[in-house]
Novice: 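The structure is given below, and queries will be raised subsequently.
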Amino acid sequence: ELCGDFDILVFPEETILERGAADWPIVDCLIAFASTGFPLLKCIEYVRLRNPCCINNVEAQVRLQSRVEVYRTLTEWCIPCPDHVIVNHLALAEGDFMENENFIVYKGKQISKPFVEKPEDGDRHDIWIYYPRNIGGGAKKLFRKVGDQSSDFDPSQNTIRRDGTYIYEPFLPTQGTDIKVYTVGAGYVHAEARKAPTVDGKVQRSKDGKEVRYPVVLTQAEKAIAAFVVKAFRQNICGFDILRTDGGSVVCDVNGWSFVKGNQKYYNDCATIIRKQLLDECGMSGVDTSTMMILGPGDESVTNIGIEMSNRDYSIRNSVNRNQERLRSVIVVMRHGDRRPKEKLKFKTKLAPILAYFESAPPGTAEVKLKTPEEMAVLKGRFDGCAAELRGQLAGLKADGGAGGKASEKEQAIKEELANIDLLIPVLEMKDRFSGLERKVQLKATKWKNQKDEESTRLAAQVQVVAKWGGELTVSGLAQAKELGKRLRHDLYPNDPTGLLRLHSSFRHDFKIYSSQEGRCQITAAAFTKGFLDLDGDIIPILVSLVTRESYAQGLLDEPIPKKERDAVKQKIESLLLSYDDLAANGSACPTSHRGLKEAADRIRSPLQLLHTIRYLAAEYIGTITAAKDKTFEEIRAHSVRAAAEAGGAPEEDGHDEEDPHDD
């Protein structure tokens with residue numbers, strides 16, 4: 001408008017909504033984009049009738065209203081997008097779709113949790129991310145920003161929606177950051193990074209209330225993707241979202257008409273490019289359309305609001321002597337936080353319902369792992385049946401009088417197996433305390449039945465049952481891990497508390513956190529990350545978004561030690577712990593100069609004697625508590641008797657008045 005080349009006419013809302021397309025004002029150039037309540041079909045009719053020059057193709061905007069059409073267009077143009085399936089739940093043929101607690105299968109294609117569920121309607125923002133049950137399950141529910149929130153975590157949501165058409169795609173880890181890309185034609189692109197709403201749902205805002213974003217530099221491949229998006233959707237001014245993953249960058253959403261917020265330089269560049277394009281399409285000659293900066297009202301200075309580096313960043317960079325050593329990385333190796341005691345039960349069995357797990361497993365399976373509450377319930381049902389059968393066998397042996405040595409041995413074996421099952425069943429019944437991270441059962445085939453021919457399926461003849469539970473982090477352990485992350489962040493940037501967050505969001509450093517498969521280690525890693533990156537919300541979304549737990553992490557953290565060596569170490573430790581020998585006096589018990597081990601040996605002295613001492617102190621402590629409880633009870637009873645005597649009545653036996661409506 002300031003350049004004087006155009007007369008700007010804004011169509012009145014009444015004209016747009018109530019009058020026909022033929023009655024709309026006639027213009028040479030049209031800027032129109034779909035939004036809530038805008039009559040897009042009427043606008044398409046107007047364009048066909050008047051044929052104005054358009055910045056964004058109006059007819060093509062219909063595709064942007066459907067995520068299905070967006071993904072179809074991306075695929076047709078070979079633009080990288082997430083692997084996905086499109087499911088219309090209202091028109092499913094029998095056998096096409098199957099939902100499991102940890103995955104879905106559509107026409108033979110499996111999408112495992114964590115996966116993303118997107119409604120077909122592009123205007124719906126209720127995108128959900130479902131998490132596997134072995135890490136606790138639940139779903140992250142995204143929505144249009146309300147105040148400082150953009151998502152909520154629902155731990156009870158484990159089944160998908162079936163009320164329409166949805167797109168399902170694997171959740172792609174991006175280190176907790178989304179990239180918003182804005183184009184002005186195929187040759188101009190601006191990109192900003194923000195904290196992904198899938199992490200903790202808290203929107204980071206600046207002092208003026210705007211969402212905090214950081215400019216990022218796109219790679220050549222990402223710039224090429226931007227040009228293809230402009231061409232494929234025929235939208236010059238276009239916003240879309242990129243996910244940077246280990247496998248490359250992919251486009252996960254195309255929004256159409258979008259502007260960068262609060263960036264005057266972008267507005268100036270955009271105005272210049274739009275002016276040039278419209279003048280060229282209108283065939284205007286003799287007009288200087290070279291790229292130039294046009295200042296806004298009041299000749300405001302052109303500034304880039306979202307600077308990528310702070311003044312402190314520049315001062316540090318300029319003060320660095322190129323000949324000096326430079327810090328290249330900070331590596332932290334940590335143990336998990338404070339935890340509850342671990343417990344373990346191990347026994348062997350030949351019971352048919354347990355052997356059956358290997359009959360339904362893929363060929364070559366030697367171990368079956370069970371973690372989810374549903375798997376525990378199924379296993380409990382099988383062991384309940386086994387226990388009933390064993391009790392029946394035991395009753396039969398007793399009825400026969402238990403004559404003979406073999407009968408006695410069989411009876412003893414049944415009792416031992418029944419005792420193990422009775423110990424295991426209460427563990428399988430626990431629901432409130434454990435998730436899939438703190439409880440698991442491993443079934444390991446130790447013997448196989450002889451095969452008649454090579455083609456027949458191998459059948460297990462004996463299974464070792466290994467149940468592990470407990471070891472979950474305490475409240476104190478979670479707080480320790482979070483505080484450690486917070487302290488490290490402040491130690492790295494003592495005078496610039498937002499420095500780390502700025503670098504992480506703009507991909508100017510490479511922050512990775514790895515964890516072993518142990519649940520307490522995964523939760524510790526997530527809690528540490530929560531403090532390190534100043535995050536809020538539930539642990540599970542942070543764990544899935546930011547903590548690497550794949551085979552690469554296991555290779556880094558879990559060095560495989562041969563079983564023979566492990567057994568030798570366990571045997572040595574057991575012999576030391578079950579000994580009355582003084583560890584400090586016995587040099588072979590602590591053959592090292594390590595100060596910490598020597599201090600521990602000095603404190604422990606005789607392991608077995610110390611265990612007896614602990615047992616005695618625990619019993620004494622329990623006796624003290626019991627005595628105090630009994631004394632208090634007697635004092636209360638005596639007080640009740642005196643009070644009743646003074647009132648002239650007899651006290652109730654239990655000290656309660658049954659007719660008192662306040663008595664609970």
Side-chain angles (χ1 to χ4, degrees), residues 133-134 340-361 365-436 438-452 456-472 563 567 570-571 574 577-578 611 615 618-619 622:
R133 294 300 297 271
N134 60 6
R340 293 188 175 95
K342 294 188 295 181
E343 299 187 70
K344 185 176 182 179
L345 176 63
K346 184 189 295 186
F347 62 92
K348 294 180 180 178
T349 183
K350 296 181 180 179
L351 296 170
I354 309 305
L355 299 179
Y357 273 100
F358 293 88
E359 296 176 8
S360 57
T365 300
E367 181 179 352
V368 176
K369 293 183 179 181
L370 309 174
K371 290 186 176 182
T372 68
E374 289 75 14
E375 290 171 337
M376 296 297 170
V378 172
L379 183 62
K380 177 188 175 295
R382 295 194 183 191
F383 272 121
D384 282 338
C386 292
E389 182 182 345
L390 290 174
R391 287 190 175 93
Q393 294 178 14
L394 200 58
L397 288 173
K398 290 181 179 180
D400 293 338
K406 290 186 177 179
S408 178
E409 291 179 5
K410 184 176 181 181
E411 181 180 349
Q412 184 61 29
I414 292 175
K415 286 182 178 179
E416 289 180 2
E417 186 154 28
L418 191 56
N420 286 323
I421 293 175
D422 288 340
L423 285 173
L424 180 59
I425 286 178
V427 177
L428 302 179
E429 292 175 336
M430 295 178 182
K431 294 180 180 179
D432 297 334
R433 178 177 166 188
F434 297 113
S435 70
E438 293 95 16
R439 179 181 55 171
K440 65 180 178 181
V441 176
Q442 297 165 275
L443 305 177
K444 302 178 181 179
T446 54
K447 291 183 180 179
W448 300 91
K449 295 179 181 179
N450 293 328
Q451 296 174 274
K452 296 181 179 180
S456 61
T457 305
R458 293 179 72 195
L459 299 176
Q462 180 176 271
V463 170
Q464 184 180 57
V465 180
V466 182
K468 299 177 181 178
W469 68 98
E472 66 270 28
K563 185 176 184 301
D567 290 344
K570 290 179 181 178
Q571 188 176 359
E574 185 176 4
L577 293 179
L578 298 179
L611 288 174
R615 178 178 178 275
I622 293 172

Novice: I need the minimum non-hydrogen distance between F358 and L443, along with the two atoms involved.
Specialist: CZ-O, 3.2 Å
Novice: Can you see which heavy atom on Y357 is nearest to which on S360, and at what distance?
Specialist: O-OG, 3.4 Å
Novice: Looking at residues at least two apart in the chain, or sitting in another chain, which of them share a side-chain hydrogen bond (donor to acceptor under 3.5 Å, both in side chains) with T365?
Specialist: none
Novice: What's the spacing between K350 NZ and K447 NZ if we round to 0.5 Å?
Specialist: 5.0 Å
Novice: For I421, which residues count as a side chain to side chain contact (heavy atoms under 4.5 Å, CB included) partner, sequence neighbours excluded?
Specialist: L351, F383, C386, A387, L390, E417, I425
Novice: Step by step, would you call I354 with L379 a side chain to side chain contact (heavy atoms under 4.5 Å, CB included)?
Specialist: CA-CA 8 Å; I354 309 305; L379 183 62; 4.0 Å; yes
Novice: Can you name the residues that form a salt bridge (charged side-chain N to carboxylate O under 4.0 Å, His left out) with R382, not counting sequence neighbours?
Specialist: none
Novice: According to salt bridge (charged side-chain N to carboxylate O under 4.0 Å, His left out), who are the partners of K415, at least two apart in sequence or on a separate chain?
Specialist: E411
Novice: Under the side chain to side chain contact (heavy atoms under 4.5 Å, CB included) test, which residues partner L345, sequence neighbours left out?
Specialist: F347, N420, L423, L424, A467, W469
Novice: Sequence neighbours left out, what passes side chain to side chain contact (heavy atoms under 4.5 Å, CB included) with E374? Give chain and number order.
Specialist: E101, R133, T372
Novice: With sequence neighbours excluded, tell me which residues meet side chain to side chain contact (heavy atoms under 4.5 Å, CB included) with Q442.
Specialist: E367, K369, K440, K444, V466, K468
Novice: Could you go through the side chain to side chain contact (heavy atoms under 4.5 Å, CB included) check for T446 and V463 one step at a time?
Specialist: CA-CA 6 Å; T446 54; V463 170; 5.9 Å; no
Novice: May I have all residue pairs that pass salt bridge (charged side-chain N to carboxylate O under 4.0 Å, His left out) and include part of residues 419-428, sequence neighbours excluded?
Specialist: R391-D422
Novice: How long is the straight-line distance from CE of M376 back to CZ of R439, given to the nearest 0.5 Å?
Specialist: 5.0 Å
Novice: Taking side-chain hydrogen bond (donor to acceptor under 3.5 Å, both in side chains) as the test, write out the residues that go with K380, two or more places apart.
Specialist: D384
